[in-house]
Protein chains: 2
Amino acid sequence: MRIGELSRRTGTPTRLLRYYEEQGLLTPERAENGYREYGEHLVDRVLQIRGLLEVGFTTRIIKEFLPCLGNAPEIHLHNAYPDKIALLETELARLEDRIRILEKNRDAIADYLERIRPFAQRPEDRVPARAAMSAGTASPPNTGLLSSSPR
Amino acid sequence: MRIGELSRRTGTPTRLLRYYEEQGLLTPERAENGYREYGEHLVDRVLQIRGLLEVGFTTRIIKEFLPCLGNAPEIHLHNAYPDKIALLETELARLEDRIRILEKNRDAIADYLERIRPFAQRPEDRVPARAAMSAGTASPPNTGLLSSSPR
DNA sequence: CTTGACCTTCACATCAATGTCAGACATCGA
DNA sequence: TCGATGTCTGACATTGATGTGAAGGTCAAG
């Protein structure tokens, strides 16, 4: 398919599809006329890239992940050298850190929402905060979020 | 404490501490001479901020989360209005999406590492990838990562 | 009193991810 | 064939999170 269709199917501006290519994340064929030709599997690939970008990875790192994203037919064993493996391992560790952080924050926010929701008011009911406060919730505001190691 | 100490204790450049303040994430007192004065609890606060930034939240969103980060003594019930709650809920949903994406990717990378590790070679053993490939691993490269909904 | 470490504000630089526009060629339908 | 739409390359703008440096005030120790 050409860039427009891929754009529609992934909700990604063509500008970005070209950018991802420039960054080595996508390598479509070229038709006679110079138009990019994308294979079917690249729809998923693009969504993967977007997902990883959204959770804070850079294109450079994502590029390292590409062999794992493995919709491609090749197995990429030529990456099986210690330096590559080490890089993937440290990134994996960072990834696990991130997951832990996100889970803590999710829990904290969910807790907060639960504590707060009973007090939800429609706009016309608005009352100075003090009034609502005196109404309940003596529980301590202890919710501990966290926190990664400093970069 | 002053900005230098907070910086050392959080591993965060003073520049960023001032930036976070500018973004409304931190509101230290001021001493007579204009120096910023930070309370003890802001050490954790800063680490929380860094953690959230690292996993892809913007300062604007983090600001919305601040009431939940609750080391502050107040309970912030004045945020208990539907619009605020709705915002937190959608962010909570996004957060859960992110966690799912990260977990999928973690699994995919872990799998990949496991499949690849048996072939790890010390640099001096380097052989063209073909050689390694013919040695094994007929399993299909199916590892499916994913993928968020388009923004 | 001077030096050095720390603090202030202001401003410009950078980097990655995007937006946007311009000028030219390609393709397709009326 | 004409016009609309899609594509190409290239370049400049913007935004958010940072880095960096200038010019000057504060303060404690020698």
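Protein chains get the first letters and strands the later ones, always in sequence-line order, with residue 1 at the start of each. As a basis for the values below, the full set of heavy atoms in this structure was taken, side chains included, without hydrogen atoms, waters or symmetry mates.
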Enquirer: I need the CG-C1' distance between Leu6(A) and dG6(D), as an integer number of Å.
Expert: 14 Å

Enquirer: Got a sec, which residues hit salt bridge (Lys or Arg N to Asp or Glu O under 4.0 Å) with Glu22(A), two or more places apart in sequence or on another chain?
Expert: none

Enquirer: In this structure, how many angstroms lie between the C1' atom of dC8(D) and the CD atom of Glu37(A), rounded?
Expert: 14 Å

Enquirer: Could you state the CD1-P distance from Ile61(B) to dT15(D), rounded to the nearest angstrom?
Expert: 17 Å

Enquirer: May I have the distance from Phe57(A) (atom CZ) to dC15(C) (atom C1'), rounded to whole angstrom?
Expert: 19 Å

Enquirer: Side chain of Thr58(B) only, heavy atoms from C-beta on: which candidate in dA17(D), dT18(C), dC8(D) is closest?
Expert: dA17(D)

Enquirer: Does the distance from a Lys or Arg side-chain N to an Asp or Glu carboxylate O, for Arg100(A) and Glu54(B), drop under 4.0 Å?
Expert: no

Enquirer: Do NZ/NE/NH1/NH2 and the carboxylate oxygens of Glu5(B) and Arg9(B) come within less than 4.0 Å?
Expert: yes

Enquirer: Determine the contact category for Thr59(B): base if any of its heavy atoms lies under 4.0 Å from a base atom, sugar-phosphate if only primed atoms, P, OP1 or OP2 are that close, otherwise nothing.
Expert: sugar-phosphate

Enquirer: Check the distance between dA16(C)'s C1' and Arg50(A)'s CZ and give it to me in whole angstrom.
Expert: 14 Å

Enquirer: CD of Glu5(A) versus P of dC28(C): gap in Å, rounded?
Expert: 14 Å

Enquirer: Please encode protein proximity along nucleotides 19-26 of chain C as a string of B, S and -, counting only heavy-atom distances under 4.0 Å.
Expert: BB-----B

Enquirer: Can you check whether Arg18(A) has a side-chain N or O nearer than 4.0 Å to OP1 or OP2 of dA17(C)?
Expert: no

Enquirer: Starting at the 5' end of DNA chain D, which residue's closest nucleotide do you reach first, Arg2(B) or Ile3(A)?
Expert: Ile3(A)

Enquirer: Glu103(B): what forms a salt bridge (Lys or Arg N to Asp or Glu O under 4.0 Å) with it, not counting sequence neighbours?
Expert: none

Enquirer: Side chain to side chain contact (heavy atoms under 4.5 Å, CB included) with Thr59(A): which residues, sequence neighbours excluded?
Expert: Tyr19(A), Gln23(A), Leu25(A), Leu53(A)

Enquirer: Can you name the salt bridge (Lys or Arg N to Asp or Glu O under 4.0 Å) partners of Glu64(A), sequence neighbours left out?
Expert: Lys84(A)

Enquirer: Does Phe57(A) have any ring-ring contact (aromatic ring centres under 6.0 Å, His included) partners at least two apart in sequence or in another chain, and if so, which?
Expert: Phe65(A)

Enquirer: Any side-chain N or O of Tyr19(B) below 4.0 angstrom from OP1/OP2 of dT18(D)?
Expert: no

Enquirer: Rounding to an integer number of Å, can you tell me how far Leu17(B) CG sits from dT9(C) P?
Expert: 13 Å

Enquirer: Establish, with yes or no, whether the OP1 or OP2 oxygen of dT9(D) is under 4.0 angstrom from a side-chain nitrogen or oxygen of Arg30(A).
Expert: yes

Enquirer: Please report, rounded to the nearest Å, how far the C1' atom of dT8(C) is from the CZ atom of Arg36(B).
Expert: 7 Å

